[in-house]
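One structure is given here, and the rest of the page talks about it.
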Protein chains: 2
Amino acid sequence: MADGPTINTIAERAGVSIASVSRVLNGLPTRQETVRKVMAAADELGYVRNAVARSLKSRRTHQVAFAMADVGNPAYLAMLREIQPVLKAAGYRLVLHSTDAVAADEIDVLHSLGERYVDGLIMSPLRVTEAHLRMLATARAPVVIIGSVPEGTRVDNVRADSRTGVRLAVDHLYALGRRRIAMINGPLDTVPGAARGAAYREALHDLGLPYDESLVQIGDFYRPEGARAVAALLDRVPDVDALMCANDLIALGALDVLRAAGKRVPEDVAVVGMDDTDLAAASWPSLTSVSLGSAERGKAAAELLLERLRGDAGEPRVVTVPPRLAVRASTAGPDYDRRQSGYDGEGGGK
Amino acid sequence: MADGPTINTIAERAGVSIASVSRVLNGLPTRQETVRKVMAAADELGYVRNAVARSLKSRRTHQVAFAMADVGNPAYLAMLREIQPVLKAAGYRLVLHSTDAVAADEIDVLHSLGERYVDGLIMSPLRVTEAHLRMLATARAPVVIIGSVPEGTRVDNVRADSRTGVRLAVDHLYALGRRRIAMINGPLDTVPGAARGAAYREALHDLGLPYDESLVQIGDFYRPEGARAVAALLDRVPDVDALMCANDLIALGALDVLRAAGKRVPEDVAVVGMDDTDLAAASWPSLTSVSLGSAERGKAAAELLLERLRGDAGEPRVVTVPPRLAVRASTAGPDYDRRQSGYDGEGGGK
DNA sequence: TGATCGTCTGTAAACGTTTACGGATTGGGG
DNA sequence: CCCCAATCCGTAAACGTTTACAGACGATCA
């Protein structure tokens with residue numbers, strides 16, 4: 001596989017200088033005759049511009065990185081799905097990092113911006129540490145954070161409003177007559193865990209319901225642990241009548257356990273998930289879920305970043321995406337499902 | 001944001017030549033004293049190696065591209081999940097392309113290898129055209145194809161065995177006593193569509209069942225269209241007793257329609273999906289599905305590519321990943337589910 | 001003491017582009 | 001016929017590295 005042709009090869013064959021070749025390839029004003037010769041030579045040789053050399057000179061890579069906490073989590077995938085086409089349309093390639101929610105990995109990604117292999121970064125850290133903030137302050141390329149960030153941090157960021165999201169869900173459960181509403185949460189030292197926990201407490205308060213420690217169960221954000229958490233809760237509080245789960249995976253775990261325990265959903269226990277992933281619509285009973293707008297957040301983040309890349313040097317911006325409650329059978333009952341599950345609904349494929 | 005420090009800045013500050021700096025940074029034998037000075041200067045300046053310049057000189061980008069047909073399809077995501085860590089462990093970054101299964105886009109990606117912004121490519125085309133083959137033959141970097149490729153194509157490739165997969169499913173349905181087994185397929189001009197269709201026919205033949213045109217319904221590979229296809233089939237053949245669906249999304253659409261039509265699953269109609277995505281375990285009734293080993297295929301592809309990148313110039317290799325039937329409630333019935341859905345099963349989170 | 005060897009370091013070229021600058025060519029006007 | 005402006009093009013430097021080569025230096029040996 002002989003070394004591919006370069007601008008030099010073309011120059012030689014066309015009998016012009018490399019400067020002319022470059023000019024032609026970049027569409028700068030050039031005599032017709034020269035254009036013809038260069039184009040002909042380029043075609044014959046099957047020339048393709050070397051992106052690396054180009055980037056070195058132009059200081060632009062036309063690549064953007066997206067660092068997601070977890071390639072397995074549908075919420076991040078939803079972001080990815082939106083980010084990808086936006087970047088592509090703007091002529092950027094997407095470099096994907098998976099940090100497994102390990103802070104050190106995230107710091108690494110931030111640090112590696114110094115390598116200048118990307119023009120910008122979109123990142124969704126699960127926790128934001130001191131080290132994150134320090135790195136952010138000195139980042140060598142524009143960064144957009146998806147998720148909340150301490151007040152005053154000078155960085156573009158797109159946040160979900162999980163407080164309102166939880167509120168929507170709890171209000172919905174309350175309206176259905178539920179009064180013993182438990183919360184199954186992930187770790188409290190994660191950004192979403194903390195926010196959702198606080199919002200739950202607040203929502204109860206505003207409804208005049210007492211905050212009962214024994215109704216709160218902490219696990220992680222995955223299905224098996226979610227199931228274990230619900231089992232533990234059920235042991236402790238057999239007469240619970242609603243579960244507010246901190247994400248859909250936990251909620252699916254909850255459905256497993258409730259089914260095994262012979263509880264009817266939603267007659268005995270209503271269940272709400274969060275993130276409104278594909279799984280929510282697919283499960284049975286289909287899962288009422290709070291959409292925190294993952295898709296919209298991804299899109300917004302990509303657009304913010306693109307503005308920066310176009311040279312916008314204004315103040316850091318904060319975009320907040322409003323939540324939405326997707327009501328399904330796990331709270332509204334099978335009637336809901338019978339009404340909705342016709343084969344002409346559901347969206348899905350492109 | 002002053003321009004970051006370069007090897008020159010360091011050389012100046014440390015009072016040595018750029019060659020020495022480079023040597024130190026690359027761990028080549030150097031006097032202790034020099035190493036110390038360079039390291040000190042580098043630290044103070046917060047130096048980070050410029051990846052672009054490095055790539056230009058070394059002709060290695062340490063990036064690999066993965067071109068998937070559809071960022072939304074869980075089967076490809078499963079591949080992505082496996083590919084990512086393998087590459088990361090080997091020190092490669094992942095550039096993600098979504099081709100939306102458009103041949104022109106795929107050709108584009110192949111063509112863009114000439115830009116040399118990646119060291120290699122993993123691609124999973126839905127259809128393989130003449131143009132694909134031509135581009136593959138002259139690709140400017142190692143390529144691994146996930147999916148089948150015409151005999152004799154000189155390219156590494158990792159394939160699923162959908163023939164055996166369909167066979168497993170049809171045999172399973174037959175063993176359950178089903179005799180009117182329909183197939184809901186995607187377009188026949190796609191690689192998977194064609195393979196699955198042929199396999200279905202063959203499986204029936206080997207079981208001594210007649211091939212009945214009216215039992216075959218073609219749509220696309222997504223849920224709404226899958227639902228429409230099943231509805232059409234049901235109109236035509238009301239007494240069908242099993243559905244072999246060409247993927248899980250189609251199968252979910254099938255469940256929607258069957259439920260709306262008042263058919264019990266699996267008592268009246270047994271349903272099998274393909275790809276064994278997360279959705280299969282999450283749906284209700286949980287979906288029996290043929291795993292074509294997406295995850296394993298992704299992993300194998302990444303490993304094949306890494307071998308090439310390490311310089312292996314041997315003959316093209318073909319890896320075939322064996323399918324597996326994941327039996328769940330949509331064929332085995334709720335008993336199965338009651339046995340399995342305990343809260344300590346299911347896997348899932350990492 | 002001078003030749004020889006080995007170790008370490010600096011100079012410079014190279015990777016494949018883009019682009020500032022100035023020289024050559026052309027054409028038109030006086 | 002000459003001059004000037006406009007147009008086009010080539011030379012060379014630059015982007016930030018890596019690395020071949022050769023020079024400098026000190027030490028070792030005869």
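Chain A is the first sequence line, chain B the second, and so forth, proteins listed ahead of strands; every chain is numbered from 1.
- Checked against side chain to side chain contact (heavy atoms under 4.5 Å, CB included), A:Glu82 has the following partners two or more places apart in sequence or in another chain: A:Ala295, A:Lys299.
- The phosphate of D:dG16 has neither OP1 nor OP2 within less than 4.0 Å of any side-chain N or O from A:Arg116.
- For residues 29-57 of chain B, proximity to DNA chain C is found at B:Thr30, B:Arg31, B:Thr34, B:Leu56, B:Lys57, defined as any non-hydrogen atom under 4.0 angstrom from a strand atom.
- The ring pair (Phe, Tyr, Trp, His ring centres under 6.0 Å) search around B:His62 returns B:Tyr92, not counting sequence neighbours.
- For B:Ala41, the side chain to side chain contact (heavy atoms under 4.5 Å, CB included) partners at least two apart in sequence or on another chain are B:Ile10, B:Arg13, B:Ala14.
- Judged as a salt bridge (charged side-chain N to carboxylate O under 4.0 Å, His left out), and not counting sequence neighbours, A:Glu296 has no contacts.
- Scanning for salt bridge (charged side-chain N to carboxylate O under 4.0 Å, His left out) contacts around B:Glu12 gives an empty result, with sequence neighbours left out.
- B:Lys37 meets the salt bridge (charged side-chain N to carboxylate O under 4.0 Å, His left out) test with no other residue; sequence neighbours excluded.
- What separates CD of A:Glu115 from P of D:dT17 is a distance of 11 Å, to the nearest Å.
- The interatomic distance linking B:Ile10 (CD1) with D:dT17 (C1') rounds to 12 Å, in whole Å.
- Between A:Asn8 and C:dG16 there is no side-chain polar atom (N or O) within less than 4.0 angstrom of OP1 or OP2.
- Of all the residues in residues 12-25 of chain B, B:Val16, B:Ser17, B:Ala19, B:Ser20, B:Arg23 reach under 4.0 Å from DNA chain C with at least one non-hydrogen atom.
- Residue A:Ile7 contributes atom CD1, which lies 12 Å from atom P of D:dG10 at whole-angstrom precision.
- Annotation: side chain to side chain contact (heavy atoms under 4.5 Å, CB included) contacts of B:Arg308 (sequence neighbours excluded): B:Pro142, B:Asp156, B:Asp312, B:Arg317.
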At a cut-off of 3.5 Å, list every protein nitrogen or oxygen paired with a nitrogen or oxygen from nucleotides 23-27 of chain C, distance to 0.1 Å.
none

Ignoring hydrogens and angles, write down the donor-acceptor pairs under 3.5 Å from the side chains of residues 126-135 of chain B, residues two or more places apart or on other chains.
unit_1, atom_1, unit_2, atom_2, d
B:Arg127, NH1, B:Asp189, OD1, 2.9
B:Arg127, NH1, B:Asp189, OD2, 2.6
B:Thr129, OG1, B:Ala131, N, 3.3
B:Thr129, OG1, B:His132, N, 3.2
B:Thr129, OG1, B:His132, ND1, 2.7
B:His132, ND1, B:Thr129, N, 3.0
B:His132, NE2, B:Glu106, OE1, 2.5

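- C:dT19 atom C1' lies 14 Å from atom CZ of A:Arg59, rounded to whole Å.
- Atom-to-atom, CG of B:Leu28 to P of C:dC8 comes out at 12 Å; the value is rounded to the nearest Å.
- Salt-bridge formation is not detected for the pair B:Arg310/B:Glu307: no Lys NZ or Arg NE/NH1/NH2 atom is positioned less than 4.0 Å from an Asp or Glu carboxylate oxygen.
- In this entry the distance linking CZ of A:Arg60 with P of C:dT19 reads 13 Å, nearest Å.
- Under the rule for a side chain to side chain contact (heavy atoms under 4.5 Å, CB included), the partners of A:Ala75 that lie at least two apart in sequence or sit in another chain are A:Asn73, A:Asp275, A:Ser294.
- No donor-acceptor contact under 3.5 angstrom links the side chains of A:Asn50 and B:Arg59, judged on distance only.
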